[in-house]
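Report on the structure given below.
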Protein chains: 2
Amino acid sequence: MTTARRSTRDAIVGAALELFRERGFDGTTMRAVADRAGVSVGNAYYYFSSKDELVQGFYDQLVAEHRALALPAMAGHTDLGERLGATLHAWITAAEPYREFAGRFFAVAAQPGNPLSPFSPDAGPARAAAVELYQEVLAGSRVDPDPELARELPELLWLQHLGIVLFWVHDRSPHAARTRLLVDRTVPIVARLVRLSRLPVLRPLGRQVVDLVRALRE
Amino acid sequence: MTTARRSTRDAIVGAALELFRERGFDGTTMRAVADRAGVSVGNAYYYFSSKDELVQGFYDQLVAEHRALALPAMAGHTDLGERLGATLHAWITAAEPYREFAGRFFAVAAQPGNPLSPFSPDAGPARAAAVELYQEVLAGSRVDPDPELARELPELLWLQHLGIVLFWVHDRSPHAARTRLLVDRTVPIVARLVRLSRLPVLRPLGRQVVDLVRALRE
DNA sequence: GTAGTGTTTTGAACACGTTCAAAGCCCCGG
DNA sequence: CCGGGGCTTTGAACGTGTTCAAAACACTAC
């Protein structure tokens with residue numbers, strides 16, 4: 001029965017998330033996950049082909065929480081910098097509970113070939129959803145960048161997001177204060193660059209950036 | 001005797017490097033490393049407290065090879081873009097033999113708290129050496145950036161280098177062609193930005209960047 | 001020489017991620 | 001009811017990274 005299948009699966013991923021939060025990724029054993037889910041080790045492997053794959057559950061939850069926090073936070077603002085800042089701070093807030101062990105998670109995802117890697121084909125839909133959020137960040141702001149650049153901007157902003165995440169993962173300061181500082185300082189730079197992109201002196205630069213992004217997309 | 005100590009250590013790291021090249025990181029077992037080095041497993045752990053730590057050997061070798069390739073490659077050039085491109089292409093060339101499994105290596109290093117991480121305190125000297133190479137890239141070029149920016153530029157170029165490495169790790173194209181494309185497209189952008197940094201419109205932007213870097217250094 | 005002390009080396013033992021042959025379960029056609 | 005074919009589930013077994021108490025060794029002081 002397919003509903004039995006679902007519930008076993010959910011029990012496993014639920015147990016995994018609980019244990020990850022309690023003891024971190026390395027401190028969680030597959031035996032413990034299986035125990036708490038009330039199944040055998042082998043059964044856990046029937047649904048998830050590796051311990052790494054259990055991380056997908058964490059990932060999905062984080063994306064959903066980020067979106068839920070980001071949209072209301074930027075609503076009402078029309079300044080690109082404000083909207084961008086709200087979105088990035090929302091991410092830091094959403095990720096806060098997982099801070100201690102998220103480093104291991106992202107290290108796993110950073111592994112080339114890993115399906116969780118944001119650059120892997122498997123992560124295509126997840127990536128598209130993330131880029132779309134930045135599309136919305138832009139759409140709600142009264143900003144008028146160079147039109148060619150505008151088309152690539154959502155993806156570029158998502159790249160900025162990845163960079164911030166990378167920093168956050170290594171940030172050991174309380175409440176991720178350094179990452180928040182990085183956001184507060186980076187956002188005006190990006191906003192200014194976008195604003196200046198119409199300037200004649202900067203047009204060739206913008207074109208170079210656009211060409212680069214397109215060339216890499218193949 | 002300290003020379004015996006050295007030679008055991010070298011035997012282990014040598015065996016590890018051989019095996020890494022033959023079978024990759026995951027395919028290499030500590031038992032195999034110990035065997036080939038002619039010592040016991042326990043002894044390998046006496047010198048290296050984990051399998052990850054053996055990667056340091058690979059890392060050191062790569063840095064040395066990069067420097068050896070980069071210096072002659074940029075000699076004679078005075079254009080910043082040319083020097084930067086030569087340095088980055090030299091890195092890709094030096095890293096080529098390790099391409100298949102370097103992904104695993106950098107994933108290990110990317111783990112927060114790992115002493116191999118470029119941002120860890122343990123890696124301070126290694127980082128300083130890397131930044132210094134970009135100091136040399138700048139020193140040999142006739143370029144005249146905004147003076148405040150100039151002081152932070154070596155570190156910023158090193159950050160660019162890290163970004164390229166990150167891309168390379170995920171690049172599956174033959175001969176890392178896509179990474180080379182990225183270098184060829186990124187370098188002119190960076191060179192142009194540096195050149196434009198003296199422009200009055202861009203001064204505030206440059207200041208923001210400089211402030212950011214300094215704030216994050218604490 | 002011998003005893004004492006610190007360093008190096010050993011290999012069995014442990015805990016973990018992962019695999020796999022076998023068993024259990026469910027449902028359908030006869 | 002029976003038999004068979006696919007899902008699911010099991011837990012013992014394997015190979016791995018890592019630990020540790022004990023042994024071997026090197027040196028010094030007497």
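Below, read A as the first sequence line, B as the second, and so on, with proteins coming before strands; counting in each chain starts at 1. Values in this document were obtained by computation on a predicted structure and should not be read as measured data.
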> Counting only N and O atoms by type, is there a donor-acceptor contact under 3.5 Å from the side chain of B:R83 to the main-chain atoms of B:H77?
Replying inline: yes
> Does the ring of A:F25 carry A:K51 above it, NZ/CZ under 6.0 angstrom from centre and within 45° of its axis?
Replying inline: yes
Nearest-Å distance, [atom1] ([X]) to [atom2] ([N])?
| X | N | atom1 | atom2 | value |
| --- | --- | --- | --- | --- |
| B:Y46 | D:dA21 | OH | P | 16 Å |
| A:F48 | D:dT8 | CZ | C1' | 15 Å |
| A:E53 | C:dG17 | CD | P | 15 Å |
| A:Y45 | D:dC14 | OH | P | 17 Å |
| A:D35 | D:dT9 | CG | C1' | 15 Å |
| B:R104 | D:dG17 | CZ | P | 11 Å |

> What is the ring orientation for B:H161 with B:Y134, classed by angle as parallel under 30°, tilted 30 to 60°, or perpendicular over 60°?
Replying inline: perpendicular
> Are OP1 or OP2 of D:dT9 and a side-chain N or O of A:T8 less than 4.0 angstrom apart?
Replying inline: yes
> How does protein contact run along nucleotides 11-16 of chain C, one letter per nucleotide 5' to 3', with B for base contact, S for sugar-phosphate only, - for none, heavy atoms under 4.0 Å?
Replying inline: B-B--B
> Do A:F58 and A:Y98 make the cut of ring centroids closer than 6.0 angstrom?
Replying inline: yes
> Can you check whether B:F105 and B:Y59 have ring centres sitting under 6.0 Å from each other?
Replying inline: no
> Are B:R192 and A:Q208 close enough that a side-chain donor and a side-chain acceptor fall under 3.5 Å?
Replying inline: yes
> Hey, does B:Y47 reach any base, or is it just sugar-phosphate, or nothing, if we go heavy atoms under 4.0 Å?
Replying inline: sugar-phosphate
